[in-house]
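Below is one structure, written out as structure tokens; comments come after it.
Keep in mind that this is a model prediction, so the values were computed, not measured. Counting begins at 1 with the first residue of the sequence.
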Amino acid sequence: MGGSYDFEGTEPSVHDDAHVSSEATLVGDVTVAADASVWPGVVLRGDVAPVRIGEQSHVGDNAVLHGVTVGDQVMVGHGAVLNDAEVADGTLVGFNATVSTDVTVGQRCIVASGTVVPDEYEIPPESFARGVPARVTPLEETDVDATETFDAYSSGEYTDLAARHGDLFE
């Protein structure tokens, strides 16, 4: 069972317009902004460093974020693990991806499902990262239709889906 827990006098803060599942666990210095969603099984641990989830960002089922800043309109896929990292606005982090310590992911990037981004790596804006360890290619040099991909995972659709769930987010 999830919940919201104080750590050394600091409690999680969730905007009134955010959707956080009762099956998620938030610990310490965690902030969830407006129109964001945090789904069942997610762990947001703000004990050694803050966790920030930006506006209209969505953290999928069973993801674990520890000391992470997520910008606005970011999609974090099911089962992803992010540790002491920063993910800029408009980025998609795929299912079961691992974003390791001191990694920076630029704006409008795609981190493919299952990718492992090694410690202290910097992914430039508008890049496609894939593989173990991650290989990075500018989106414009791939056959990935970034606009189609971002539209398919539109954070607006997830905001609506979260609002339709009722009891899951009460």
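Between the CD1 atom in Ile123 and the OG1 atom in Thr91 there is a gap of 8.5 Å [rounded to 0.5 Å]. Of the inter-residue distances, the one linking Ser113 atom OG with Arg130 atom CZ reads 13.0 Å to the nearest 0.5 angstrom. Between the CG atom in Leu65 and the CG atom in Leu44 there is a gap of 5.5 Å [rounded to 0.5 Å]. We find the CD-CH2 distance between Glu23 and Trp39 to be 13.0 Å, quoted to the nearest 0.5 Å. Considering NE2 of His58 and CG of Asp35, their distance stands at 7.5 Å, rounded to 0.5 Å.
Closest approach of Asp84 to Ala49, counting heavy atoms only: OD1-CB, 4.2 Å. Between Ala36 and Gly54, the shortest heavy-atom distance links the atoms CB-O, 3.6 Å. Closest approach of Leu82 to Ala80, counting heavy atoms only: CD1-CB, 3.9 Å. Minimum heavy-atom separation, Ser57 to Val74: OG-N, 2.9 Å. Taking every heavy atom of both residues into account, Ala63 and Gly77 meet most closely at CB-O, 4.0 Å. Nearest heavy atom pair, residue Gly67 against residue Val51, reads N-CG2, 3.5 Å.
Contacts classified as side chain to side chain donor-acceptor pair (under 3.5 Å) and involving residues 40-54 (residues at least two apart or in different chains) are given here: Asp29-Arg52, Thr31-Arg52, Arg45-Asp47, Arg45-His66, Asp47-His66. Applying the salt bridge (Lys or Arg N to Asp or Glu O under 4.0 Å) test to pairs two or more places apart or on separate chains, none has a residue in residues 94-111.
In this structure, Asn62 and His78 have side chains that are not in contact, with every pair of non-hydrogen atoms separated by 4.5 Å or more. The closest side-chain heavy-atom distance from Ser100 to Val117 is not below 4.5 Å. Two residues are said to be in side-chain contact when any heavy atoms from C-beta on lie closer than 4.5 Å; Val144 and Ile110 meet this criterion. Counting only heavy atoms from C-beta outward, the side chains of Glu86 and Thr69 approach each other to under 4.5 Å. Side-chain contact between Val32 and Leu26: present, with at least one pair of heavy atoms (C-beta onward) separated by less than 4.5 Å.
Taken together through direct or relayed side-chain contacts under 4.5 Å among Ile, Leu, Val, Met, Phe, Trp and Tyr, Val68 and Val64 form parts of separate hydrophobic clusters. Each of Val81 and Met75 belongs to its own hydrophobic cluster when Ile, Leu, Val, Met, Phe, Trp and Tyr are linked at side-chain heavy-atom distances under 4.5 angstrom.
Looking at Ser21, its side chain never comes within 3.5 Å of a backbone N or O of Val38 through a donor-acceptor pair. Using modelled atom types, no side-chain atom of Asp89 and backbone atom of Gln107 make a donor-acceptor pair closer than 3.5 Å. With hydrogens and angles ignored, the 3.5 Å screen pairs no side-chain donor or acceptor of Ser127 with any backbone N or O of Pro138.
The other members of the hydrophobic cluster of Val132, by chain and number, are Val116 (side-chain heavy atoms under 4.5 Å, ILVMFWY only).
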